[in-house]
Chemist: 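Take this structure first; my questions come after.
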Protein chains: 4
Amino acid sequence: MQSRTPVGRAGRPRSAAADTAILAATRQALVELGWSKLTLGDVATRAGVAKTTLYRRWAGKNELVVDAVAELFAELELPDRGSLAADIEGVVLQFAAILALPEARSGLMAVVAESTRDEALRARIRASIVEPQKHLVLEGRTRAQTRGELPPETDPDSSARTAELIFDVIAGAVVHRALVSSEPVDMDWSRDFTRLLLNGLTSPPTT
Amino acid sequence: MQSRTPVGRAGRPRSAAADTAILAATRQALVELGWSKLTLGDVATRAGVAKTTLYRRWAGKNELVVDAVAELFAELELPDRGSLAADIEGVVLQFAAILALPEARSGLMAVVAESTRDEALRARIRASIVEPQKHLVLEGRTRAQTRGELPPETDPDSSARTAELIFDVIAGAVVHRALVSSEPVDMDWSRDFTRLLLNGLTSPPTT
Amino acid sequence: MQSRTPVGRAGRPRSAAADTAILAATRQALVELGWSKLTLGDVATRAGVAKTTLYRRWAGKNELVVDAVAELFAELELPDRGSLAADIEGVVLQFAAILALPEARSGLMAVVAESTRDEALRARIRASIVEPQKHLVLEGRTRAQTRGELPPETDPDSSARTAELIFDVIAGAVVHRALVSSEPVDMDWSRDFTRLLLNGLTSPPTT
Amino acid sequence: MQSRTPVGRAGRPRSAAADTAILAATRQALVELGWSKLTLGDVATRAGVAKTTLYRRWAGKNELVVDAVAELFAELELPDRGSLAADIEGVVLQFAAILALPEARSGLMAVVAESTRDEALRARIRASIVEPQKHLVLEGRTRAQTRGELPPETDPDSSARTAELIFDVIAGAVVHRALVSSEPVDMDWSRDFTRLLLNGLTSPPTT
DNA sequence: CTTTAACCGAGACGGTACGTCGCGTCTTGTA
DNA sequence: TACAAGACGCGACGTACCGTCTCGGTTAAAG
């Protein structure tokens, strides 16, 4: 009757626990059902939450799955294994381990597919999942330069372009091997791939 | 493609025109609506065909879209441009041109996503879309060996493994650049990528 | 592919049994739940029918309940009990018996309430429920005139107006007694009411 | 009307203005939306009040609307127009005028419909809306007896029964004419009805 | 040149999920 | 203790597609 909202917050605050429960439930549903049979009603039930609560926080299935999958990739890091080749092999295997998780396989490609017609979704995927991994390439290069395995950068523009290129090559090759060719990304493949990346086609493999 | 009226059977044969019309309608719907909003009822209407006719020939949306998209990739070939580098750049640009088509972008990734939980679908995608392109790698290598740009094969096992690896690297990198990073696969990128593939990281680009 | 719809009917015809089952299920739900807790989903389940089938045939809850209730009133008739007074008493008791059914009580008033803001619904109620009963008044009057209990009509306009008036008085009084005052419409009340209707207030009851 | 802060209670007292604002908002919403589309959240907003405040005072939509509608009928009275017939015609027209208000039409029948399955609601309607009007019948009869238009009462039981009967006949007929037959309750109809009520069917109208 | 079996269009059917809306309750901070 | 604000669990809404099932009508190869 008198009102006058004095400052920022009014009303009951959103439950922080709900977010956690919903994202976990989403991953569980991805494992059991896969992307296309996952329903938001089912996720809500698993999370012990009402469907409306879910819709209040995410615009739809796509956005929800992006967030759920992003948490899986957040743990990637670049351990120092002593040489550039060993560092690359290590990160390739880590990446492959994540792609072996059903919740990642099913969810990741589906949102990428959806993003071909939705610029906002594409941006969200890049911001939440892809960009945060690019530091791996930059760190790896800096470390290799420190070791003297790679020459220092001269042209900053070329430097950035090359980093992007390497990222696309590594990420693309691993994803294609794992999800399209459907063959294992194991230590053998990782070694072959790394040798190709470092030496190129014209320096023949020395198997 | 998938049906063919059984031999020596009485009764009215299936309309051949229907197959063509349905696949064309599917691609048109992919362009206008994208995978997730494409409905089989709508495809049937566009094709001037009853829903039953469609279901008599395809098991579902996934199988239909695989066939519709496969026809897009069937036209890829390896023109002889005089050098291994030029051949690779050429095929990369051709591949990118197909991935620029909305019906390919939207459909391809979606069926790959679905295939993460459906072995039969995965096999169908490989048989219809992926495997037919591998000859590009084999032809390119043979041609390069003839030219003396690459040494001849010694170990047949290593030879096959390397071909698979190169295929995953090329296809994966282009797809990742085009659909995930969402950056253009143009002549510049194609040249950078080919140089990396041929020379490797440790032979620095000479831009 | 060839088509040319030759004549009237195409496609699978609607199930006649479904209509019957749906209306019966509606009345059962009215008995158990009442108007406001009746849901179309529940009616569909009771009828062993999909919700879509129900919506294909009725625009909404209102229209459905009108049809379901109309069948209850369809059985009203005017038995010849020998005198105008006896005839009126008989029809009043019949009417009251229907209003004693929970499915009639709950449904009838609710759709009348809804109809106060929906001209189409109001017309449907009149056409399906109300108008079909007016012949009771006309038959009763004709019969009474034949018996010499009432004078023959002179002015056709006045005749119609009076019939409408009598209908409103009888129907209104019984409904009000049963549903608003919530008192029994039994033989005593029926007799009192009939005496008032025939003799008026100024000819005092001779109880 | 229904609440009243308990005596001798600590804490902030309930706002009296809120009750008024809520009931007015309810009537306004009945006019604009009708019973079935009226929502308590909307009423609260219109009244400038939180939903909790509303629920603290009324159990639900039914109770709220009964109170809102009751205020409309509270103003009915029996002006002395000189004769029994004129008095009846006057009260009939007054009653009809209220039933012409959208907030009364829509609200009244709806709560009556709801009351068919809710004894407490039925009692509330009678206590708040119906019973307070019965004095009109009693006053009218007394006045007519004073004038000599009607004989004095002899049997108190019969007297009460007749008053109830007349009330049901008048209220029922007017409601049926206005809401079901959906015809105007104007001076002509009022005169016809009054003549029938006073003289009965067998004393033919002298139009 | 007729069978006759499979085809075809249309569209109704039993389902499932959608995304929204209102309910009545609760949890905040402020008065 | 009341109050405004608004999140919450719940359940129904009406719609859209799914994949299946009648229908009546057609069409080409087999008899």
Side-chain angles (χ1 to χ4, degrees), chain A residues 1-15 18 37-42 44-45 48-57 59-61, chain B residues 5-6 8-15 18 37-42 44-45 48-57 59-61, chain C residues 1-15 18 37-42 44-45 47-57 59-61, chain D residues 5-6 9-15 18 36-42 44-45 48-61:
Chain A
M1 216 58 177
Q2 76 298 333
S3 85
R4 171 172 40 97
T5 317
V7 343
R9 260 1 84 209
R12 179 176 173 176
R14 289 193 178 167
S15 158
K37 302 202 169 170
L38 177 154
T39 70
L40 296 199
D42 177 63
T45 304
V49 138
K51 221 178 5 159
T52 39
T53 297
L54 208 153
Y55 277 106
R56 217 174 275 124
R57 298 169 189 222
K61 197 163 149 173
Chain B
T5 315
R9 228 58 196 84
R12 176 176 174 178
R14 288 189 179 163
S15 159
K37 301 203 168 169
L38 176 152
T39 71
L40 295 199
D42 178 62
T45 303
V49 139
K51 251 198 310 177
T52 35
T53 298
L54 206 154
Y55 277 106
R56 216 173 278 122
R57 302 169 189 219
K61 194 164 153 174
Chain C
M1 214 61 175
Q2 75 301 334
S3 86
R4 172 172 40 99
T5 317
V7 344
R9 254 8 81 209
R12 178 174 173 174
R14 289 194 177 168
S15 158
K37 301 200 170 172
L38 176 152
T39 70
L40 295 200
D42 178 62
T45 303
V49 138
K51 221 180 4 159
T52 41
T53 296
L54 208 153
Y55 277 106
R56 218 174 274 124
R57 298 168 188 224
K61 197 164 152 172
Chain D
T5 313
R9 228 60 195 83
R12 176 173 170 179
R14 288 191 180 163
S15 158
S36 59
K37 302 201 168 170
L38 176 153
T39 71
L40 296 199
D42 178 62
T45 303
V49 140
K51 254 198 308 177
T52 33
T53 299
L54 206 155
Y55 278 106
R56 216 173 278 122
R57 300 169 189 222
W58 284 276
K61 195 163 151 175

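If you're wondering where the values come from, they're calculated on a predicted model, not measured in any experiment. Quick note on labels: first sequence line is chain A, next is B, and so on, each numbered from 1.
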Chemist: Of all heavy-atom pairs between B/Arg14 and B/Arg57, which one has the smallest distance, and what is that distance?
Modeler: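 What the structure gives for the nearest pair is CB-NH2, 3.6 Å.
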Chemist: If you pin A/Pro13 and C/Gly11 to their nearest nucleotides in DNA chain F, which one's is more 5'?
Modeler: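 Residue closer to the 5' terminus by nearest nucleotide: A/Pro13.
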Chemist: Working to the nearest 0.5 angstrom, can you tell me the gap between C/Asp42 CG and C/Lys51 NZ?
Modeler: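 Answer rounded to 0.5 Å: 11.5 Å.
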Chemist: With sequence neighbours left out, write down each residue that passes side chain to side chain donor-acceptor pair (under 3.5 Å) with D/Thr53, or none if nothing qualifies.
Modeler: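 For D/Thr53, no residue satisfies side chain to side chain donor-acceptor pair (under 3.5 Å) once neighbours in sequence are set aside.
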Chemist: Is there a donor N/O on one and an acceptor N/O on the other, under 3.5 Å, for the side chain of A/Arg12 and the base of E/dC26?
Modeler: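 Looking at the base of E/dC26, it does pair with a donor or acceptor on the side chain of A/Arg12 (distance under 3.5 Å).
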Chemist: Rounded to whole angstrom units, what separation is found between the CG atom of C/Leu54 and the C1' atom of E/dA12?
Modeler: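 Answer to the nearest Å: 14 Å.
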Chemist: Tell me the closest heavy-atom pair linking B/Gly60 and B/Leu40, and the distance in Å.
Modeler: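 Closest approach of B/Gly60 to B/Leu40, heavy atoms only: C-CD1, 4.3 Å.
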Chemist: To the nearest 0.5 Å, what is the distance between NZ (A/Lys61) and CG (A/Leu54)?
Modeler: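 Rounded to the nearest 0.5 Å, the NZ-CG separation comes to 12.0 Å.
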Chemist: Quick one: what's the B/S/- string for nucleotides 9-14 of chain F, heavy-atom cutoff under 4.0 Å, read 5' to 3'?
Modeler: BB-SSB
